[in-house]
Every structure is written in C-alpha cells, then in structure tokens.
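Counting convention: from 1, in listed order, for ligands and their atoms alike. All values below come from the heavy atoms of this structure, side chains included, with hydrogens, waters and symmetry mates left out. Sequence positions, counted from 1, serve as the residue numbers for this chain.
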Amino acid sequence: MGMTPTAMIFDIQSFSVHDGPGCRTNVFFDGCPLRCRWCANPESQLHRRQLLFSERTCKWDQGCRACRSACSRGALDVNDEHMPRINRRICASCETIECVKSCAAEALREPVREMSVDDVMRVLTRDMRDWGSGGGVTFTGGEPLMQSDFLIEVLKRCHEKMIHTAIETSGFTSTERFLDVFSLLDFAFVDVKNMDEEAHRWGTGVSNEQVLTNIAALAHSDRWHGRLVLRQPTIAGYNDSDENAEKLIDFMNENDLFEINLLKFHRLGQTKWEQLGLTYEYADKGDMSDERMSELQDMYLDAGIACYIGDNTPF
Ligand code: SF4
Ligand code: SF4
C-alpha cells in the first residue's frame, strides 16, 4: 500500500456562504503555480515557511523580546530602536517555529500546517450538520490542484459520505489531471483572468493556453457531471475591456458554457502582503465602478450567458 498523502493547508473556514451553493466549509490549500499581482492570499504563493508579522499587535515597545530569545537561529532582530525584523531567508528552512509559540501577543503567526486525509475529514464530518441542505465543502487556496493526489483522496471520501464538493481553481494543471479531479467534483469555479495570452502572462506569470484547453476539454468530457461557473476577478486597466469580454463570450459560446461570475476587484490581501514583507502593487489601482461592472454584465446577458456580479450570488 502506498503512503497516505498529506497536504499543506493554510486555513479552514466554516460557515462560508460565498464559495458555492449553501453554507460551506472552505479548505485552503497552500501553494500556487500562478503569481497574480493582485493575489488576495499571497502567503499561498510562497509554498515555504512564511511568518506573518503584525506590527499592530507586537509589544516590543513594552520591552517584549520573547521571540528573539526563542529563535535559536538568530533570525529575529529586535531592540529598543525597532520592532522585530525577520530574516526570512533563515526562516524559509525553519522546522521548529519556536517564535510563534513564544509570542503571547500573537503578533507572529505561521498559518500553514500539514494535514492528513483523516484530519480534513474529521473537520468536514464535524461541520456537516451545520451545512443544512445544499451545502458542502469547497477546496480553494492557493491552488488545490497543486496537491491533487491528496485532493483526489479527499474527494473519494467525500463521495462516500455524499458530501457536496466544490472547487475554486485557476485550472492550471495538465488536462489529464484536471479531468481526473473534476470527475469527482459536483461544482466548480474556474478562473479566466484574461483572454489575451500576453496579458495573462503579465498578470499571473503563466500563459492562459493550458487553462483554456482544460476548460474546453471539460466542457466536452463525459466524465464531468457537475456545474461549471467561470470566474473573473475583474480589475480596471487589466481585464475590464469590451474586447476581453467579447473574446470570453466567444469562447463560452464555442464550448456551450453559460455561467460566469464577475468579482469586483478588492484589496483584502493588502495587509498580508505587508505582513509578509512584500510590496503590494495594487495598493492604488484596479478599482472597478459599479457602473462598469453592470455594463460588462449586460454584454454577457445580451449574449445569452448568465452573468452574476459579486460574491453574494446564491449559487
Ligand atoms: S520561523 Fe524559525 S527561524 Fe524564523 S524566527 Fe521563527 S523560530 Fe526563528
Ligand atoms: S514575542 Fe511577539 S510581541 Fe514580543 S517582540 Fe516578538 S513579535 Fe513582538
């Protein structure tokens, strides 16, 4: 018998109503092959030890130096002049993370943990009774397809327990893998960030070719029995043009796809970029007006495609 796979998970949130039908538990997978410039969960891009540090909660000004003493690798520099400075190169390979336990103020956090299939199933079984009818689990991230062996195991177990399963994904993996996973899913959001290859590469670090190929393959596959909703984080100056919408409408018509969810760009990830010591490029651009969102919605509706705006859509 092979080893039971484990996965790096950075969060599990119960009672979500924005990520699939009904009330759901969201499982956030660590790691992502894309590098979206506007990412709301940048910690998932790194896929290595990643300390989050909150300046606001840190008590260094009251003389606290607990983390500095706890870290045996000397990665934390804190003194009367400045709050902790993290040498992230040292932390990248740290196994012990003593600093997090030592910080009573919870200013230091390491969100990622390794979980087994049983660990995840325990949480889902606990949450099941709170979902009510129509709810279930949504695998998101990060990119759940990056740890697809694990995901497939969990999906099989969910299937046995008749748990409704959904995914939020960039769709970036081989077509074979994509279809293997989707044959076990009930519901999917797949992102189409930009129809222009160059622009997709600029915004995400990868080409859109694989993603579009996978969506088309799925649309024509007899292994897929679920509901597919395309999703687009809609960002001013990046993918909010008529031209992009027209190309996406053509693509959807060619593949008999009829549902899309446009999400208005938001800045929820900004604090995390800062806490990771990274620069957030979208601090003062990308905002969409409600008016432009409805203009885009009308374009899809006129083409006979159901277009939902925002994450309050009852799916
Ligand atoms: S993660 Fe490890 S190396 Fe980095 S500060 Fe914490 S204890 Fe030190
Ligand atoms: S232990 Fe926590 S509160 Fe104290 S200095 Fe370190 S990060 Fe700040």
Could you note down all residue pairs passing ring pair (Phe, Tyr, Trp, His ring centres under 6.0 Å) where residues 154-177 supplies at least one of them, sequence neighbours left out?
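Listed once each, the pairs would be none.
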Side-chain heavy atoms nearer than 4.5 Å, only ILVMFWY residues, links allowed to pass through others: does that put Ile9 and Leu151 together?
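They do share one cluster, since a chain of ILVMFWY contacts under 4.5 Å joins Ile9 to Leu151.
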State whether Cys99 contributes an N/O/S atom found under 2.8 Å from atom 8 (Fe) of ligand 1.
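Under 2.8 Å: Cys99 has no N, O or S contact with atom 8 (Fe) of ligand 1.
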Any non-hydrogen side-chain atom of [X] less than 4.5 Å from a side-chain atom of [Y]?
X: Tyr308; Y: Glu259; answer: yes
X: Lys264; Y: Asp290; answer: yes
X: Tyr282; Y: Ile235; answer: yes
X: Cys94; Y: Arg88; answer: no

Got more than 12 heavy atoms from elsewhere within 6.0 Å of CD, Glu55?
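For Glu55, atom CD is not crowded (no more than 12 foreign heavy atoms under 6.0 Å).
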Please list, in number order, the atoms of ligand 1 under 4.0 Å from a heavy atom of Glu98.
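Answer, ordered by atom number: 7 (S).
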Show the atoms of ligand 1 that are less than 4.0 angstrom away from any heavy atom in Ala75.
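Every atom of ligand 1 under 4.0 Å from some heavy atom of Ala75: 3 (S), 4 (Fe), 5 (S), 8 (Fe).
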Looking at atom 2 (Fe) of ligand 1, is there an N, O or S atom belonging to Cys94 that lies under 2.8 Å away from it?
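Checking atom 2 (Fe) of ligand 1 against Cys94, an N, O or S atom does fall under 2.8 Å.
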Inspect the contact between Asp242 and Arg292 and indicate whether a charged nitrogen and a carboxylate oxygen are less than 4.0 angstrom apart.
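Salt bridge: yes.
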Could you check whether Arg201 pairs with Asp196 (Lys NZ or Arg NE/NH1/NH2 to Asp/Glu carboxylate O, under 4.0 Å)?
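Between Asp196 and Arg201 there is no salt bridge, as every charged N stays at least 4.0 Å from the carboxylate O atoms.
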Sum of protein N, O or S atoms, each under 2.8 Å from atom 4 (Fe) of ligand 2
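Excluding waters, the total comes to 1.
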Using non-hydrogen atoms of the residue, decide whether Leu76 is closer than 4.0 angstrom to ligand 1.
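It does, in that a heavy atom of Leu76 comes within the 4.0 Å cut-off of ligand 1.
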Check each heavy atom of Arg73 against ligand 1 and say whether those closer than 4.0 Å belong to the side chain, the backbone, both or neither.
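Just the side chain.
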Hey, is Cys91 touching ligand 1 through its side chain, its backbone, both or neither, going by heavy atoms under 4.0 Å?
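Both of them.
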